[in-house]
Enquirer: 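Below: one structure in structure tokens.
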Amino acid sequence: MEKIYLLDEFLTVPYLKELVKSNGLKMVNPPPQELEETLRYYKQRLRSSLDEPYIMNDHQKAKVRIPLNQDEYYCMEWNMTKLKYLIKRAQIKKIEVTEKIIASSLPAHCEGDKDGNWTLLSFPTITSKYILAEGNKENISTDQKIWDAYLIQPQIHLQAVTRSIYRNLFAIHFNYSLICSYIAGQLPLKEVEARVLPVI
């Protein structure tokens, strides 16, 4: 298996139940009836995605490993050249973000990061909520509390991932979080079904 993900335990119903409990939540609703079948489908789609052709290029990339528990993870990779084009096309402006948001973000390794921009990717399924795709935390001055940065939503930044497997990994993690919220009684099933992302 290519070292893009390790989700053997994560994509199981017992682990999902345990995760809800370990986060201090009560199990209000039982898991959806078709959950085991859905998780099997997710595993099958991930295996199939690894067989899809991968076009190598020399564009600037940002890479990050998303930790899920002590042993499991998945990786994400963005084509930063494409992301910058999408930012320009969508006319996204920099906004003010606090030093705390940048400091708490999950840093990506960005090859050739030289233009001095701060680019944060909204990633609602992780604890820190943001991935620092561009910019160096070591350059944060303790005297400066507000920074100008691009804050990119998933509907934009997922268009810049380098492979379809990364879109599927994001969608699976997002859907998994929705299911946990339903089991904990925080979301009704109809809302979960309306918000679920396609895994294709």
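One is the number of the first residue; the rest follow in order along the sequence.
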Enquirer: Determine whether a donor-acceptor pair (N or O, by modelled atom type, separation under 3.5 Å) exists between the side chain of S105 and the backbone of P107.
Expert: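 Here the side-chain-to-backbone pair does not exist.
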
Enquirer: Is any side-chain heavy atom of L187 less than 4.5 Å from a side-chain heavy atom of R195?
Expert: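 Yes, at least one pair of side-chain atoms sits under 4.5 Å.
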
Enquirer: Check the pair L7 / L46 against side chain to side chain contact (heavy atoms under 4.5 Å, CB included), numbers first and verdict last.
Expert: CA-CA 10 Å; L7 304 173; L46 291 174; 3.8 Å; yes

Enquirer: Please report the shortest heavy-atom distance between A133 and C110, naming the atom on each side.
Expert: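 Result for this residue pair: O-CB, 3.4 Å.
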
Enquirer: Distance only, no hydrogens: is a donor on one side chain within 3.5 Å (strictly under) of an acceptor on the other, for K94 and N117?
Expert: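 Yes - a donor-acceptor pair under 3.5 Å links their side chains.
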
Enquirer: Run the numbers on Y74 and L68 for side chain to side chain contact (heavy atoms under 4.5 Å, CB included), then give the verdict.
Expert: CA-CA 8 Å; Y74 65 94; L68 296 171; 3.8 Å; yes

Enquirer: Could you verify whether a donor N or O on one side chain and an acceptor N or O on the other, from T81 and Q60, lie under 3.5 Å apart?
Expert: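 Judged by distance alone, the side chains do not pair up.
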
Enquirer: Check whether any side-chain heavy atom of Y130 lies under 4.5 Å from a side-chain heavy atom of I101, and answer yes or no.
Expert: yes

Enquirer: Judged by modelled atom types alone, do Y42 and N168 share a side-chain donor-acceptor pair under 3.5 Å?
Expert: no

Enquirer: Supply the atom-to-atom distance K145 NZ to E96 CD, rounded to the nearest 0.5 angstrom.
Expert: 15.0 Å

Enquirer: Sequence neighbours left out, what passes side-chain contact (heavy atoms from CB on, under 4.5 Å) with E37? Give chain and number order.
Expert: R40

Enquirer: Is the backbone N or O of A160 less than 3.5 Å from a side-chain atom of N79, with the two atoms forming a donor-acceptor pair by type?
Expert: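 Judged by distance alone, no pair lies under 3.5 Å.
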
Enquirer: Check this for me: E191, atom CD, are more than 12 non-hydrogen atoms of other residues, nucleotides or ligands nearer than 6.0 Å?
Expert: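 Yes.
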
Enquirer: To the nearest 0.5 angstrom, please state how far the OG atom of S122 sits from the NE2 atom of H157.
Expert: 6.0 Å

Enquirer: To the closest 0.5 Å, what do you measure between CD1 (I200) and OG (S49)?
Expert: 9.5 Å

Enquirer: I'd like to check P124 versus F174 (side-chain heavy atoms, cut-off strictly below 4.5 Å). Are they in contact?
Expert: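 Yes. Closest side-chain heavy atoms under 4.5 Å.
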
Enquirer: Examine distances only and state if a side-chain atom of S177 and a backbone atom of H173 form a donor-acceptor pair shorter than 3.5 Å.
Expert: yes

Enquirer: Hey, could you give me the CD1/CD1 distance between I156 and I92, rounded to the nearest 0.5 Å?
Expert: 5.0 Å

Enquirer: Identify the two heavy atoms, one from V13 and one from L39, that lie closest to each other, and give their separation to 0.1 Å.
Expert: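 Looking at all heavy atoms of both residues, the shortest contact is N-CD1, 3.8 Å.
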
Enquirer: Within the structure provided, determine whether L16 and T12 are in side-chain contact (heavy-atom separation under 4.5 Å).
Expert: no

Enquirer: Can you check side chain to side chain contact (heavy atoms under 4.5 Å, CB included) on V97 and I102, steps first, answer last?
Expert: CA-CA 8 Å; V97 298; I102 292 176; 3.9 Å; yes

Enquirer: Side chain of E77, backbone of Y166: donor and acceptor closer than 3.5 Å?
Expert: no

Enquirer: Are C75 and K3 side-chain neighbours, meaning at least one heavy-atom pair lies under 4.5 Å?
Expert: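 Answer no - side chains too far apart.
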
Enquirer: With the side chain counted from C-beta on, respond yes when L50 and I165 share a heavy-atom pair under 4.5 Å apart, and no when they do not.
Expert: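 Counting from C-beta outward, L50 and I165 do come under 4.5 Å.
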
Enquirer: Could you tell me whether the side chain of K82 and the main chain of Q159 form a donor-acceptor pair under 3.5 Å?
Expert: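 Pair found, side chain donor or acceptor close to backbone of Q159.
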
Enquirer: Taking the six-membered ring for Trp, are the ring centroids of F170 and F123 within less than 6.0 Å of each other?
Expert: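 Yes - the distance between ring centres of F170 and F123 falls below the 6.0 Å cut-off.
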
Enquirer: Which heavy atom of W78 sits nearest to which heavy atom of I131, and what is that distance?
Expert: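 Heavy atoms only, the tightest pair is CH2-CD1, 3.7 Å.
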
Enquirer: Mind checking whether I179 and V196 have side chains closer than 4.5 Å, heavy atoms only?
Expert: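 No, their side chains stay 4.5 Å or more apart.
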
Enquirer: Hey, could you give me the OH/CD1 distance between Y5 and I172, rounded to the nearest 0.5 Å?
Expert: 8.5 Å

Enquirer: Within the 4.5 Å heavy-atom criterion, are M76 and K63 side-chain neighbours or not?
Expert: no

Enquirer: Are R65 and L106 close enough, and set up right, to give a side chain to side chain contact (heavy atoms under 4.5 Å, CB included), and what steps lead you there?
Expert: CA-CA 9 Å; R65 179 180 280 201; L106 185 63; over 6 Å; no

Enquirer: Measure the spacing between OH of Y176 and CG of L11 and express it to the nearest 0.5 Å.
Expert: 7.0 Å

Enquirer: Are the side chain of N69 and the backbone of D71 linked by a donor-acceptor contact shorter than 3.5 Å?
Expert: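 Side chain of N69 to backbone of D71: a pair is present.
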
Enquirer: Step through the shown structure and confirm whether more than 12 heavy atoms of other residues, nucleotides or ligands are within 6.0 Å of OH on Y85.
Expert: no

Enquirer: Hydrophobic clusters here meaning ILVMFWY residues chained together by side-chain heavy-atom distances under 4.5 Å, can you tell me if V20 and V28 are in one?
Expert: no

Enquirer: Take atom CD in Q155; do more than 12 heavy atoms of anything else shown fall under 6.0 Å from it?
Expert: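 Counting neighbours around CD of Q155, more than 12 heavy atoms of other residues, nucleotides or ligands fall under 6.0 Å, so yes.
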
Enquirer: List the atom of E72, the atom of D8, and the distance in Å for their closest heavy-atom pair.
Expert: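 Here E72 and D8 meet closest at OE2-N, 2.8 Å.
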
Enquirer: Above 12 or not: heavy atoms from other molecules or residues under 6.0 Å from CD1 of I146?
Expert: yes

Enquirer: Regarding R45 and E52, does a basic nitrogen lie under 4.0 Å from an acidic carboxylate oxygen?
Expert: yes

Enquirer: Any donor-acceptor pair under 3.5 Å linking the side chain of E134 with the backbone of W118?
Expert: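 A pair under 3.5 Å: no.
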
